[in-house]
Structure formats: C-alpha cells, structure tokens
Amino acid sequence: MTYVAADDRYERMQYRRSGRSGLQLPLVSLGLWHNFGLSRSLDSQRAILRRAFDLGVTHFDLANNYGPPAGSAEENFGRLLDEDFRPYRDELVISTKAGYDMWPGPYGEWGSRKYLLASLDQSLARMGLDYVDIFYSHRFDPDTPLEETMGALATAVQQGKALYVGVSSYAPDKTREAAEILRGMGVRLLIHQPSYSMLNRWIEDGLLDVLGQEGIGCIGFSPLAQGMLSDRYLQGIPAGSRASENRFLPADFLTDQAMDKVRALNGIAERRGQSLAQMALAWTLRDARMTSTLVGVSSVEQLDANVAALDRLDFTADELAEIDHYATDSSINLWARSSES
C-alpha cells in the first residue's frame with residue numbers, strides 16, 4: 001500500500017534551531033544504530049520510520065557501520081526511502097558518519113581523507129542518495145592531523161555530497177579547533193553529537209559552553225544510558241536484554257549504586273506523571289543549547305512513548321535539584337576515549 005504521510009505531522013512535533021544555523025531539527029530524532037540491520041524484519045523497520053515521520057520526526061541518523069552487519073542499516077534505509085519516502089526527501093534531514101572500523105586495512109577506519117571520502121561515497125550508494133544533509137566525523141583521530149579530517153568534511157560540502165558537517169564525541173578543545181579550521185575553509189561546523197544522559201553528564205564540563213560560544217548545535221545520543229534509564233532493569237537483568245548479552249551495556253554497569261540512583265529517579269518520574277524514560281529524554285532537552293535528542297526504538301509503541309516525553313518538558317527548580325542528587329556520573333561512557341583525546 002502506498003504510504004501517504006499524515007497531514008498534521010508538523011503540528012505534532014516541536015523543532016529547535018541547530019546553533020546559529022538556519023537548520024531546525026525535531027526535539028526527538030530517530031537513530032538507526034540498532035534495530036535497522038538484517039536482524040530485524042523490513043516490515044518492522046518500515047512501520048517505525050512511517051510512524052516517526054507521521055509524528056513530525058524529520059531527522060533520521062545513520063552511520064556507515066550501523067547494522068548489524070555494518071552497512072546494512074543504510075541499505076535497508078535506502079530501500080525504504082525509495083519505496084516510501086522519496087516524495088518527501090526535501091522534508092527529511094538524513095545524516096551519516098564515518099570513523100569506526102568498516103573494511104580491512106589501514107584505510108578502513110579513523111579520520112584520514114581517503115577513508116572519510118571513500119566511506120561517504122559508499123554510504124550514498126547504499127542509501128541511493130546524491131547527498132546527505134549532515135556528514136559526521138564519527139570520532140576524533142589522534143593520529144591524523146585535524147586539518148586533514150576537517151578538510152575531508154569541507155570537501156564533502158564543496159562536492160555537493162553533504163549540505164552540513166558535524167563531529168561526534170570530540171573533546172571541547174578539539175571541537176573549538178575543528179570549528180576554527182572549517183571556518184577557514186568556508187564551512188560551518190553545524191552540530192556535535194555526544195553521548196549524554198542523566199548518568200553520563202560529561203558535556204556539561206566545558207563542551208556545551210564551547211558549542212554555545214561557537215554557535216554549534218548539539219544532538220545527544222544514548223539519552224537513556226543504553227537502556228538503564230528505563231523500567232527494563234528496575235527489577236534486575238531480564239533475559240534477552242542488552243545487559244544479559246553484553247551488547248553495548250555491560251552487566252557490570254548495573255551496580256547496586258547505579259541502580260539505586262535509577263530507582264530514585266524513577267520515583268521522581270512517577271510523581272511527574274511520566275515514565276523514567278520520558279523524564280530522562282525531557283531532562284536532556286532542558287538546556288536550550290541542546291538541539292535534539294536521539295532515540296533508538298524497536299517498536300512503534302516504544303517510539304510513541306518516547307515522543308510523548310515532549311508533553312512534559314518543564315521542570316521545577318525543586319525537581320531539578322532532586323534529580324541532580326541522583327543524576328551523577330556512573331562511569332558508563334563507552335565513548336570516553338574519543339572525547340578525552
């Protein structure tokens with residue numbers, strides 16, 4: 001059946017400008033890191049993407065290595081784009097990234113010009129696109145001059161293969177330096193994509209200040225701390241969960257101390273009339289420098305529940321103070337190595 005987007009889709013979502021750019025993003029964006037590879041049916045992926053767009057979620061975020069296997073999320077998305085969303089291409093913000101291991105040999109990862117531009121060409125081919133809206137350096141490369149990495153991003157814009165560029169998991173000083181290098185090349189650094197959640201607040205120690213000063217947007221990923229900030233682990237580790245299989249959430253992250261914090265935060269959410277996940281998402285957006293928050297979902301129902309977080313974005317001073325008591329670093333930042341370089 002031919003997909004026709006909901007007429008009221010833009011009435012259902014709120015949007016925020018990315019830094020001092022002209023681009024607005026939905027407060028909730030959809031990440032395709034999990035659940036869009038070959039391990040999930042195409043029909044379930046189609047249902048999630050359709051529902052997201054019907055809710056006004058216009059930003060779909062990918063990377064070359066998303067799957068599993070690597071590359072399959074882009075391939076599946078490209079097929080669904082062609083079948084369902086081609087008429088709406090100009091209403092979508094599609095991003096991809098390169099930086100992590102993608103193919104054998106010394107040119108298959110990190111931040112060299114050869115890798116980044118080759119990866120972008122491959123991503124465009126997998127998705128059936130002439131350009132992406134945002135192309136990211138997925139992680140800082142300590143062994144490649146930053147001028148080379150940023151030069152590759154600038155080339156992507158100059159070649160018409162990307163409208164904007166961003167960085168992910170860069171330290172504050174490297175972010176400022178990257179923005180300065182790009183400015184010298186006539187390209188704006190649009191956005192930074194760091195991990196950010198109640199249990200992983202590293203961006204508050206300098207990065208958000210840099211982004212505000214430089215006019216760079218911020219879209220946080222893993223706002224639910226790989227699932228810790230949901231009701232999934234309140235009573236232990238269920239079979240089939242990420243923690244039970246050590247998939248992006250090591251079981252040793254779920255310490256008694258960490259889970260005591262999570263349960264206390266859940267109590268605050270209940271008093272607010274929200275689920276823990278909804279409060280956690282709303283909390284990441286309390287700072288105006290945050291452009292959007294990225295969610296990953298495995299069902300339409302989960303997507304609906306996440307977007308419903310926008311129904312209650314306000315926090316009282318007392319609520320924020322109580323949250324701060326429990327929302328403290330829990331040593332769960334899997335991407336710290338990149339941001340500490």
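What's counted below: heavy atoms across the whole structure, side chains too, no hydrogens, waters or symmetry copies.
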Test ring-ring contact (aromatic ring centres under 6.0 Å, His included) applied to F53 and F60, step by step | CA-CA 9 Å; F53 191 54; F60 298 148; 7.1 Å; no
Let me see the working for E214 and R183 under salt bridge (charged side-chain N to carboxylate O under 4.0 Å, His left out), right down to the final yes or no.
-> CA-CA 11 Å; E214 296 285 341; R183 265 196 306 272; 2.8 Å; yes
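A donor-acceptor pair shorter than 3.5 Å cannot be found between the side chains of T96 and Y66. K261 and S330 share a donor-acceptor pair across their side chains, judged by distance under 3.5 Å alone. At a cut-off of 3.5 Å, with distance as the only test, a side-chain donor of D61 or S95 sits close to an acceptor on the other residue.
Remark: aromatic rings of W202 and Y196 are distant, center separation not under 6.0 Å. Y115 has its ring centre no less than 6.0 Å from the ring centre of Y107. Proximity of the aromatic rings of W110 and Y100 is defined here by a centroid distance below 6.0 angstrom, and this criterion is not met.
With respect to K161 and D130, no salt bridge is recorded, no charged nitrogen being found less than 4.0 Å from a carboxylate O. Salt bridge annotation for E148-K114: absent, with no cationic side-chain nitrogen under 4.0 angstrom from a carboxylate oxygen.
Checked against D84 for a salt bridge (Lys or Arg N to Asp or Glu O under 4.0 Å), the options R89, R79, R50 give a single hit: R50.
Within a 6.0 Å radius of CG in D205, other residues, nucleotides and ligands contribute 12 heavy atoms or fewer.
Between R188 and G215, the shortest heavy-atom distance links the atoms NH1-O, 3.4 Å.
In this structure D82 satisfies the side-chain contact (heavy atoms from CB on, under 4.5 Å) test together with R86, sequence neighbours excluded.
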